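Both backbone and side-chain heavy atoms feed into the values below; hydrogens, waters and symmetry mates do not. This structure is a prediction, so every number in the text was calculated from the model and none was measured. Just so it is clear: chains get the letters A, B, ... in the order the sequence lines come, proteins before strands, and each one is counted from 1.
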Amino acid sequence: MLDKTYDAAGVEPKIARRWDDANAFAAGAGAPEGADSYCIVIPPPNVTGSLHMGHALNNTLQDVMIRFERMRGRDVLWQPGMDHAGIATQMVVERQLMERQEPDRHAMGRDKFIERVWQWKDESGGMIFNQLKRLGASCDWSRERFTMDDGLSKAVTKVFVELYREGLIYKDKRLVNWDPELQTAISDLEVEQVETKGHLWHLRYPLADGATYEHPYMLDEEGNKRDWKPSDGEPAGHETRDYLVVATTRPETMLGDTGVAVHPDDPRYKSLVGKHAILPLVGRRLPIVADEYPDPEAGTGAVKMTPAHDFNDFEVGQRAGLAAVNVMSVDGTIILKENKAFLEGLESTSELAETVSTLDGEDRFHAREIIVERLEAAGLLDHIEAHTHMVPHGDRGGVPIEPYLTVQWYANAAELAKPAIASVREGRTQFVPKSWEKTYYDWMENIQPWCISRQLWWGHQIPAWYGPDGTIFVEHSEAEARAAAAAHYGKSVDLNRDEDVLDTWFSSALWPFSTLGWPQETPELKKYYQTDVLVTAFDIIFFWVARMMMMGLHFMKDDKGRPLEPFHTVYIHGLVRDKRGAKMSKSKGNVVDPLELIDEYGADALRFTLSIMAAQGSELKLDPGRVAGYRNFGTKLWNATRFAQMNGVAHDPDFDPAGAKLTINRWILTELSRTSGEITTGIEKYRFNEATSAAYRFVWNLFCDWYLELLKPVFTGEDEAAKAESQACAAYVLDQIYKLLHPFMPFMTEELWTLTAKRGQLICHAPWPVAGFADDAAADEINWLVELVSQIRSARAEMNIKPSQIMNLAVVGADETLAGRLADHRAAIARLARLDAIETVDGPPAGSAQIVIGEATYCLPLAGIVDLDAERARLAKELARLAGETARLEKKLSNDKFVANAPDAVVAEEREKLAEYQAQQARVQAAFDRVSAAG
RNA sequence: GGGCGGUUAGCUCAGCUGGGAGAGCAACUGGUUUACACCCAGUAGGUCACAGGUUCGAUCCCUGUACCGCCCACCA
């Protein structure tokens with residue numbers, strides 16, 4: 001006999017071990033020979049990561065599909081693995097070194113440091129896999145991959161070399177997003193815009209060579225001058241100025257100014273184009289250039305140009321031929337003293353000397369203060385405006401990034417994106433929900449070159465070697481590079497390998513084929529690529545999904561040699577938020593730890609909750625109370641099984657649903673079939689909430705609430721044949737329930753499957769239920785029964801009749817069919833509605849509560865039990881409801897336009913409804929009249 | 001600035017192809033009947049954000065407004 005409640009904490013590890021021992025999730029386990037393949041590659045968690053709610057959702061949904069397809073007989077592989085997470089991992093190990101007061105990585109040296117990271121990985125990395133196992137994730141754990149494995153590293157090298165040779169990877173000197181904290185370049189995607197309260201400093205740049213211009217102004221209501229804009233029309237007046245006012249949010253970059261730009265049509269500055277301004281504190285002559293970029297309506301219309309420290313200025317500088325003067329070093333400090341580009345062409349003055357001596361080596365933010373102070377002292381600070389704007393920050397380092405002029409490696413993303421865009425346009429890969437396709441296109445169609453080099457140590461070192469004269473040799477190995485160099489130079493030379501590593505996402509982009517063995521032509525690669533569905537949250541569509549599309553399409557081909565997408569479907573699920581809708585974050589302290597929920601309620605309860613909440617296109621607001629609710633659902637199923645066992649319900653291999661005779665059995669088999677159809681369709685269509693809800697409804701509201709209750713009189717009755725059939729049928733239905741619930745609640749269902757019979761296989765390999773049983777007549781009959789019992793219960797409650805009060809039922813207007821049904825289900829009705837005698841009569845007994853269902857009126861004699869006023873009130877309420885319904889339908893049907901325009905079927909349906917309501921109304925009215933007469 | 005999504009019961013949300021709206025939780029009333037109090041039976045609760053439009057008919061389609069959320073973006 002089962003325990004009264006299910007002990008998740010005890011059962012789950014036991015079941016996990018059983019799966020493990022049976023190697024139940026190995027690729028293709030349980031599948032028949034030649035079965036169609038089904039493959040999902042896991043979004044590789046960071047090696048540093050631990051399971052959070054997003055992982056729990058993401059992997060629950062994948063596991064639902066994987067277990068479902070495995071049971072459907074597909075040859076399934078859920079490919080697990082981890083990402084080396086370059087920056088994150090390097091940071092973790094560096095922090096550890098610091099905490100232990102060991103030498104830092106620079107003191108340690110590159111090789112030793114990398115060795116140290118591997119050591120860390122072996123000792124502490126990959127915690128998350130055990131946590132995924134606790135969640136029940138049925139990955140083929142024997143195939144675990146790591147992006148830094150030898151095999152995957154070979155794939156990375158091959159991809160790099162080939163793309164380089166095709167010209168799709170190249171080196172370029174341009175501005176990158178530089179993280180001064182981590183001292184590496186990062187890609188556009190790793191930049192986060194953070195709203196920051198700052199200032200707009202308006203600076204006066206004196207005009208060179210004694211030039212002046214007439215500056216227009218407007219007057220405000222109090223008669224104060226303010227800046228004129230072209231949209232103001234006629235200016236209020238002009239003043240002669242020998243300086244320009246420019247505005248900046250970053251005064252420290254002014255040291256690198258090499259020009260001032262104005263719009264060519266701006267009337268204020270037309271006369272100044274071609275002249276020069278003088279850069280304060282430095283003394284550089286700044287050409288005033290015309291360019292379309294400045295907006296005459298914004299600020300003063302004149303923009304200082306710092307091509308080495310601003311993306312826009314860089315472009316203007318290129319167009320206008322302005323020099324790019326870098327004034328910062330890699331850590332964000334100002335560098336002037338040894339800075340040739342800066343000093344070149346400058347007149348040596350005491351002002352410049354002071355600038356160099358006070359600012360050289362200063363941190364960029366401190367330099368800002370010094371510069372503002374000095375400008376103010378010099379009378380060149382026009383005014384300061386409070387200004388809130390978006391400041392780009394590095395998403396890992398957390399400090400403002402610096403646009404920085406360096407040489408980096410780039411991938412030609414625009415070219416690689418073309419086929420990736422076409423695949424989605426032409427439907428070969430589909431997003432679910434479809435609305436994400438627009439986001440994908442918007443990004444892909446405006447994609448910028450992808451900066452793939454990182455100035456880190458932990459990662460795939462770029463396979464490029466430099467000869468003495470700087471010639472680049474991109475090869476698969478150092479030996480090949482040497483050979484290539486020897487051929488190039490005609491002798492062997494010393495080579496230096498590029499120090500940089502690749503962006504972590506470069507290797508992740510290869511995940512769907514590198515994990516399957518590529519570049520080797522493994523059987524797994526052949527069988528499982530193209531994979532089926534990729535499951536992820538929207539936040540990594542750009543980082544990962546788009547790049548997998550690019551790389552997959554570039555390197556993988558189908559049998560006919562056509563590019564083959566890494567997956568045919570991308571399912572995008574929502575983010576998990578706290579119950580109030582806020583993003584979970586450590587700093588807010590609202591993080592719900594999935595492992596704590598698993599400890600408290602079990603993995604099945606958590607999975608069921610996440611699945612039932614996973615409606616397409618919506619975010620999940622997780623209230624731990626819901627998890628408790630679905631834990632209760634598990635207990636309910638557990639107890640239903642317990643009840644069944646008490647009543648001799650046992651698996652009968654010979655039970656054939658088609659041969660079932662009892663109406664209740666044929667009814668529950670009909671409902672079961674309908675439900676298994678709903679669950680199947682729900683999972684197929686990625687409507688996990690619908691699949692899960694259908695299971696919940698069937699198990700609790702049909703199977704437990706009605707079927708088991710209806711079986712109680714059968715089990716206690718005398719009809720042995722009926723009993724035997726029902727025992728076998730109930731066992732059969734329970735078996736199907738376990739299977740249907742298995743993708744959502746794998747642990748409990750495996751346990752129940754094992755406990756309830758000797759089985760030839762694990763439930764995770766058992767065949768998925770097929771819908772196919774339908775008996776509408778049985779369904780009608782039990783639906784009538786349910787309606788009758790519910791109505792009697794409702795009437796009794798409204799009349800305040802105690803449950804312990806057993807009543808009689810007299811049925812007026814019963815035809816032969818109804819009389820037969822009443823006889824057949826007498827015991828069940830009596831039990832569920834707390835009745836004793838049930839008889840058909842010609843007229844209603846005096847003083848009854850009367851319930852009208854269909855043709856018949858069901859009377860509960862009330863004499864001496866309750867007052868008739870309550871019954872009158874009850875019937876009056878019912879009459880009012882019916883009157884409302886009939887009035888609505890009459891109005892609708894008397895509308896000629898409705899009758900003329902609506903489809904015939906709809907009109908007929910509405911007529912039928914009206915007739916039914918009218919008949920019902922008449923019967924209830926008669927009942928009401930009788931009570932009134934009696935009272 | 002551009003884009004996407006949301007607004008339905010006290011709360012969290014479903015509602016797919018237009019034909020007078022559902023669930024879970026919470027609330028309230030009652031309860032020990034062959035499992036289950038992590039339970040059972042019952043009750044109440046809605047101007048489907050607002051304003052127009054299309055339609056015989058709109059929670060659903062269209063337009064606009066308000067509020068909320070998110071993503072992207074170079075405003076100095």
Side-chain angles (χ1 to χ4, degrees), chain A residues 2 4-6 193 200 246-250 261 293-295 297-306 310-315 387 389-390 392 403 433 435-436 438-439 442-443 446 538-539 541-542 575 577 579-581 583 601 605 612-613 615-623 625-626 628-647 685 687 689-690 693 696-697 701 704-705 708-709 711-713 715-716 790 793-798 800-804 831-832 834 884-885 888-889 892 895-903 905-907 909-910:
Chain A
L2 301 178
K4 206 166 161 181
T5 54
Y6 167 73
Q193 303 291 338
L200 204 48
V246 295
T248 181
T249 54
R250 308 189 53 211
Y293 164 65
D295 175 3
E297 288 295 320
T300 63
V303 186
K304 67 193 250 330
M305 286 294 120
T306 323
D310 183 284
F311 288 100
N312 291 310
D313 295 4
F314 183 76
E315 284 178 22
H387 184 62
H389 61 139
M390 303 297 266
S435 52
W436 288 107
K438 187 171 164 47
T439 307
D442 285 351
W443 189 69
N446 297 297
F538 64 82
D539 53 347
I541 291 178
F542 305 143
L575 296 179
R577 298 169 174 275
K579 64 177 173 185
R580 307 216 322 269
K583 233 178 192 165
Y601 302 112
I612 208 165
M613 288 176 50
Q616 275 183 20
S618 72
E619 314 247 300
L620 284 77
K621 290 183 201 157
L622 186 70
D623 176 357
R626 293 279 299 257
Y630 295 116
R631 182 272 321 266
N632 296 354
F633 172 70
T635 308
K636 184 79 181 173
L637 175 64
W638 183 262
N639 277 300
T641 299
R642 206 163 144 256
F643 170 77
Q645 283 194 335
M646 289 171 168
N647 286 284
K685 297 241 153 95
R687 298 179 181 276
N689 60 322
E690 293 179 11
S693 302
Y696 184 97
R697 257 194 321 271
N701 303 121
C704 291
D705 287 350
L708 292 184
E709 293 301 326
L711 284 186
K712 283 177 181 175
F715 289 149
T716 53
S790 300
R793 282 172 171 171
S794 175
R796 290 179 55 122
E798 272 183 71
N800 293 318
I801 296 167
K802 288 238 167 297
S804 53
R831 177 191 182 84
L832 295 179
R834 319 282 303 147
E885 296 287 353
R888 179 175 65 77
L889 289 168
K892 196 173 194 177
N895 180 349
D896 295 339
K897 287 183 183 160
F898 171 71
V899 178
N901 294 320
V906 172
V907 177
E909 200 180 311
E910 298 292 296

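- Note: CZ (A/Arg834) to C1' (B/G31) measures 10 Å, nearest angstrom.
- Within 4.0 Å (heavy atoms only), A/Met390 reaches at least one base atom of the nucleic acid.
- The closest donor-acceptor contact from the side chain of A/Asn446 to the backbone of A/Asp442 lies under 3.5 Å.
- Summarising the geometry, the separation between CD on A/Glu297 and P on B/G1 is reported as 15 Å, rounded to the nearest angstrom.
- Comparing B/C71, B/G42, B/G19 by their closest approach to the side chain of A/Arg793 singles out B/G42.
- Using Watson-Crick or G-U wobble geometry with both donor-acceptor distances under 3.5 Å, B/G1 finds its partner in B/C72.
- Taken from CE in A/Met390 to OG1 in A/Thr249, the straight-line distance is 13.5 Å, to the nearest 0.5 Å.
- Distance A/Arg796 CZ to B/G31 P: 13 Å, rounded to the nearest Å.
- Within 4.0 Å of A/Asp705, counting heavy atoms only, lie sugar-phosphate atoms of the nucleic acid but no base atom.
- In this structure, A/His389 does not reach the B/C74 phosphate: none of its side-chain N or O atoms is under 4.0 Å from OP1 or OP2.
- Here A/Glu709 lies in heavy-atom contact (under 4.0 Å) with a base.
- Listed nucleotides: B/A76, B/G19, B/C38. Nearest to the side chain of A/Val906: B/G19.
- The residue A/Lys4 sits close only to the backbone: its heavy atoms come under 4.0 Å of sugar-phosphate atoms, none of a base.
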### side-chain contact (heavy atoms from CB on, under 4.5 Å) evaluation trace for A/Trp638 with A/Thr641
CA-CA 5 Å; A/Trp638 183 262; A/Thr641 299; 5.9 Å; no
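- Listed for the A/Arg250 side chain is no donor-acceptor partner under 3.5 Å among the backbone atoms of A/Asp310.
- Across all strands shown, A/Asp295 has heavy atoms under 4.0 Å from base atoms, whether or not it also approaches the sugar-phosphate.
- The nearest whole Å value for the distance from the CG atom in A/Leu832 to the C1' atom in B/G31 is 15 Å.
- Distance, A/Lys304 NZ to B/C75 C1': 14 Å, rounded to whole Å.
- The side chain of A/Tyr630 sits closest to B/G24 out of B/G24, B/G3, B/G19.
- Nucleic acid contact for A/Arg631: base, since at least one base atom lies under 4.0 Å from a heavy atom of the residue.
- Within 4.0 Å (heavy atoms only), A/Arg250 reaches no atom of the nucleic acid at all.
- In this entry the distance linking NZ of A/Lys685 with P of B/G15 reads 14 Å, nearest Å.
- Side-chain atoms of A/Glu690 and base atoms of B/A23 include no donor and acceptor less than 3.5 Å apart.
- The base-pairing partner of B/C61, taking Watson-Crick or G-U wobble contacts with both distances under 3.5 Å, is B/G53.
- Side-chain proximity of A/Thr5 to B/C75, B/G30, B/C38: nearest is B/C38.
- Counting non-hydrogen atoms under 4.0 angstrom, A/Phe633 reaches nothing in the nucleic acid.
- With hydrogens and angles disregarded, no donor-acceptor distance shorter than 3.5 Å links the side chain of A/Asn639 to the backbone of A/Arg642.
- Side-chain atoms of A/Phe538 lie closest to B/C70 of the nucleotides B/G19, B/C75, B/C70.
- Comparing B/C56, B/G3, B/G30 by their nearest atom to the side chain of A/Lys438 picks out B/G3.
- For A/Arg631 (side chain) and A/Arg626 (main-chain N/O), no donor-acceptor pair under 3.5 Å exists by modelled atom type.
- In this structure, A/Lys712 satisfies the cation-pi test against A/Phe643, with its NZ or CZ atom closer than 6.0 Å to the six-membered ring centre and inside 45 degrees of the ring normal.
- Using a 4.0 Å heavy-atom distance criterion, A/Gly299 is classed as a base contact.
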Between the protein and nucleotides 43-45 of chain B, which nitrogen or oxygen pairs are less than 3.5 angstrom apart?
| unit_1 | atom_1 | unit_2 | atom_2 | d |
| --- | --- | --- | --- | --- |
| B/U43 | OP1 | A/Ser794 | OG | 3.1 |

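- Nucleotide B/G31 holds its C1' atom 15 Å from the CD1 atom of A/Ile801, rounded to whole Å.
- In a base pair of the Watson-Crick type (N1 to N3 plus N6-O4 or O6-N4) or a G-U wobble (N1-O2 and O6-N3), with each distance short of 3.5 Å, B/A66 is matched with B/U7.
- Closest contact between the side chain of A/Asn639 and the listed nucleotides B/A35, B/A14, B/A76 involves B/A35.
- In this structure, A/Arg888 reaches the bases: a heavy-atom distance under 4.0 Å links it to at least one base atom across the strands shown.
- For A/Met646, the listed nucleotide lying nearest its side chain is B/A35; candidates were B/A76, B/A35, B/C38.
- Without hydrogens or angle criteria, A/Arg687 side chain to A/Ala615 main chain gives no donor-acceptor distance under 3.5 Å.
- Within 4.0 Å of A/Ala247, counting heavy atoms only, lie sugar-phosphate atoms of the nucleic acid but no base atom.
- When each of B/G15, B/C56, B/A76 is scored by its nearest atom to the side-chain atoms of A/Arg687, the top-ranked nucleotide is B/G15.
- Centroid-to-centroid, the aromatic rings of A/Tyr630 and A/Tyr696 come within less than 6.0 Å.
- As rounded to whole Å, 8 Å separates atom P of B/C4 from atom CG of A/Asp442.
- Of the two residues near RNA chain B, A/Ser435 and A/Gly629, the one whose nearest nucleotide lies more 5' is A/Ser435.
- Between A/Asn901 and A/Asn632, the one whose closest nucleotide on RNA chain B sits nearer the 5' end is A/Asn632.
- By the side chain to side chain donor-acceptor pair (under 3.5 Å) test, A/Asn689 pairs with no residue at all, sequence neighbours left out.
- Contact annotation: A/His387 does not reach the phosphate of B/C75 (side-chain N/O to OP1 or OP2, under 4.0 Å).
- When both distances must be under 3.5 Å, the Watson-Crick or G-U wobble mate of B/U12 is B/A23.
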